[in-house]
**Q** 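There's a structure below that I have some questions on.
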Amino acid sequence: MMDALRPTRLWPLHHQIGRLAHFPVTGPHAMESYEPKTIEPKWQKRWAEERVAELDLSLPGREYYMLNMFPYPSGDLHVGHGRNYILGDALYRWLRMRGLAAFNPMGWDAFGLPAENAAIKRGVHPREWTLGNIDRMKSQFGRWGILYDWSKEIASCDPSYYRWNQWLFLRLYEKGLAYRGRAPVNWCPSCRTVLANEQVVEGRCERCGAVVEQRDLEQWFLRITAYADRLDAGLDQLREWPEKVRTMQRNWIGRSVGADVRFPVPLLGHDLTVFTTRPDTIYGATFLVLAPEHPDVPRLVANAPDRPAIETWIEEVRNQSALERQEAGKEGRFTGSYAVNPFTGEQIPIWLGNFVLMQYGTGAIMAVPGHDQRDFEFARQYGLPIRVVVNPPGGTLDPETMTEAYSDNQGGVSTDSGPISGLPVPEAIEKIIEEIERRGLGAGSVRYRLRDWLISRQRYWGTPIPMIYCEACGLVPVPEEDLPVELPLDVPFTGREGNPLEHAESFVRTRCPSCGGEARRETDTMDTFMDSSWYWARFVSPGDQSRIFDSALVNRWLPVDQYIGGIEHAILHLLYARFICRALHDLGLIGFEEPFARLFNQGMITKEGYRDPADHMSWVPIAEVDHRDGVPFRKGTSHELVPEMGKMSKSRFNVVPPDELIDRFGADTERVYTLFIAPPEKEAAWSDEGVVGASRFLNRVWNMAEAIAVLRSEAGEDEGSRRLIRKTHRTIAAVSTRFERFEFNTAISALMELSNAIGDYLAAGGGSKKVALDAYEALLRMLHPFAPHATEELWERLGHRGMLVTERWPEADPSLMEEDFITIVVQVNGRLRGQLSVPAAAGEEEVITGARANDRVRPHIEGKRIVKTIYVPGRLVNLVVR
RNA sequence: GCGAAAGUGGCGGAAUUGGUAGACGCGCAAGAUUCAGGAUCUUGUGGUGUAACAGCCGUGGGGGUUCGAGUCCCCCCUUUCGCACCA
């Protein structure tokens, strides 16, 4: 008995055994080879005919609403897009197999600029272009074997959808949440429309990359700022969202706590209000700085000695784009006027500064150069006084010699600051706000970086904003019964500046709903992000003619349990949807404030690009092979210049079209490879060779069926059978948890291991048919979400029916997962040092030898179980038992 | 500059969270099959070393904690991502 036991590292010798030596089988059990081209269309057809994914939402059942962000139908789908939907489909099929009534709808974010650009370039109407793309994409989804409940399909460009977009707009208008206002706005010269702040990234258009200009225009806005506090607070509840997205939203909303303080300005006859997060430093406020756009500026500069020069400068700054302004560095001008610091009583100069933003706070700041880096730099540049009113812990600062502002708001202690002197900063802030309020100089306040959502677009292919301009009555909303305001189809697309809708006279000219007189329609259309901000609710009742959605169903099925989409919407779509969800809540239409309970962001798929080899190249290490006496050996690593990995795009010539891939290997192979390639949240580099591995895997699984069919033995008591049973149940347990954690790549690798184990079992010969079949069927069931066609087909050939519909996810039996263990209690010099367990199949002596053949260690066998690794003093220590 | 995450074979990536580092797959090598190529199958594959074992070195670099560190702590370096005049 003793000799059977050995240290674990010596065990797995069975790997030497050949795996699939006698495949394939010939004779009566022979099966044709794996032909995805035949079986995939067969199953796709059957799923469509049997409407397996259609769900009657009114029926009772365990609800689970999963949703992939609905795509823009751009027409060109590549394997990178596929990842998103394949991932969702795998999840969906898994949910179904776990017995959940899972709802998985799909629709089209079908308004947008590319359609209109295609119209200008190629003369095809945006509608035709869009609908054609929808058709193509839909059939692509089919070829991937992706199941959606198409009975709930929606397209945002369909009047039956955008009608409710307009309806919602009118409700928001009634509530004061939609308004028309004049403001400096972002203008994209290339897209020839205004943009929301969220669509400007580093001063450039998020869509096309053009530098955005500032224009003063009258536009439609949604008052998202009214929800700033709730949107910020709500982020705390979103525990199942990626931390990254929450952080990005939090930064974007930019909540700051501080105080509004009024500084008297004798010249103006009224005060200038500033917002500060550091009211405790007010004794160090040695000047004020105003944004050049501040409304009081004209009067403040009236008496300046060099007034014309200042006015020229102001004009210059105002005409700069945000990007240019920032690149210019800090610049300012003295207005010639003074304010009074209400706490020190001093006269302090009022400056203008290009770094002060009119859109944030009050457009005016109190400058505390001792304790704010920006103010410090400005003060140094223009020779303005610096005063220290906060000391660092245990020290003091010299304003003459300091090289940067001291802005720590935790450790510092106020000094030379009247009533708050000597207080630590947090207390000083509290106390000074009380003092400000007591003296009537202002109040504590909270400010947000978030600005209102500009939803007007001067483009054709979008939801018309349902408003009418009447000479007599002014702005008049379109009455609800006149909805939808339909987009006219006979509109010329010239590509010239200005909205094509403006030239559609039949659309523009209308009657005032209020007085009946001649009136003009609004020609702006809505930002397409408006369409996508509530579509997730429309899916439960997509055909409803009488209301935006069925609130009862929405409240039953929503929030969305699992939302899947790209990180690029971390702020845009996801912030707007959260906002509109709250607005719908406040309109009494839904009973929750967060639309998406769980969020998952899949990573991009990249591939080597070939467009511009000189530009996008990088050094990568490659093996350097040399020959010694004619024998090649690896000498070392050298480097080679190769094109960089990049996002797939036509312009980079690195698009992998799914059609070719499916023709050659089948959709199941693409699915398996796509999910196997890397953790799904990570960026993944596509490799054409790598696909072969997935193909081989599926082929092996396919071929196993016949090898199992020829088995005869029914016994399964040998160690090999027990090993396979263990492996099966461990795999079930592992794959189940990995599904829960979205670890699809390791789930597939675990399935590959199981298939290898079955292969080993078969190759060893004389195995039990029952054992092999149990393992194989478990493998097929777990493989179904990844390779639905092949597994359905095999399942049917095994004499079963309906993998997806009738089969359940396998259950792991923990009692079959572990080997029989004996516990060895280890004593050293009579003292208990712990216990370790080793497989019962092993023997005792060698463990002792392994654990240290030493008479100080005395094993004591005590039955079964307990896996534990222990330390035994001495040289030989670690014994890990699997 | 600030913040976050991450650095593991030739490559994509594993490691049940402190316990056999490199699972699984690609690539590569040898063999089988094939007229040939491709495809397929078998075996091997971190480095070094050996006839083969053994041994030694190995998770960006340097320290530390621990019987034991890819994993924990400290200091660097690098990369990626977010934020960046938001008062």
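Since the model is a prediction, treat every value here as computed from it, not as a measurement. Sequence lines set the chain letters: A, B, ... in the order given, protein chains first and strands last, and positions in each chain run from 1.
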**Q** If a stem is a run of at least 3 consecutive Watson-Crick or G-U pairs, both distances under 3.5 Å, which stems include RNA chain B?
**A** B:1-7 with B:77-83, B:10-12 with B:24-26, B:27-32 with B:40-45, B:46-48 with B:55-57, B:60-64 with B:72-76
**Q** Taking all heavy atoms of A:I436 and all of A:P279, pick out the closest pair and write down the distance.
**A** CD1-CB, 4.0 Å
**Q** Who pairs with A:H573 by ring-ring contact (aromatic ring centres under 6.0 Å, His included), at least two apart in sequence or on another chain?
**A** A:Y563, A:H569
**Q** Strictly below 4.0 Å, N to O, side chains only: are A:E243 and A:R246 in salt-bridge contact?
**A** yes
**Q** How about A:F376 and A:F378: are their ring centres within less than 6.0 Å of each other?
**A** no
**Q** Mind listing the N/O atom pairs, protein and nucleotides 21-23 of chain B, below 3.5 Å?
**A**
from: B:A23; atom 1: O2'; to: A:E753; atom 2: OE2; distance (Å): 3.0

**Q** Taking the minimum atom-to-atom distance to the side chain of A:F355, which one of B:U40, B:G82, B:C85 wins?
**A** B:C85
**Q** Sequence neighbours excluded and cut-off under 3.5 Å, please list the side-chain donor-acceptor pairs for residues 689-698 of chain A, or say none.
**A**
none

**Q** Using the test side-chain contact (heavy atoms from CB on, under 4.5 Å), find all partners of A:M358 that sit at least two apart in sequence or belong to another chain.
**A** A:A291, A:E293, A:H294, A:P295
**Q** Nearest nucleotide by nearest heavy atom, which residue falls closer to the 5' end of RNA chain B, A:D372 or A:N251?
**A** A:N251
**Q** Tell me: CD of A:E740 to P of B:U16, nearest whole Å?
**A** 17 Å
**Q** By ring-ring contact (aromatic ring centres under 6.0 Å, His included), which residues pair with A:F665, not counting sequence neighbours?
**A** none
**Q** Below 3.5 Å, does any donor atom in the side chain of A:K244 face an acceptor in the base of B:C81, or the other way round?
**A** no
**Q** Can you check whether A:F739 and A:F786 have ring centres sitting under 6.0 Å from each other?
**A** yes
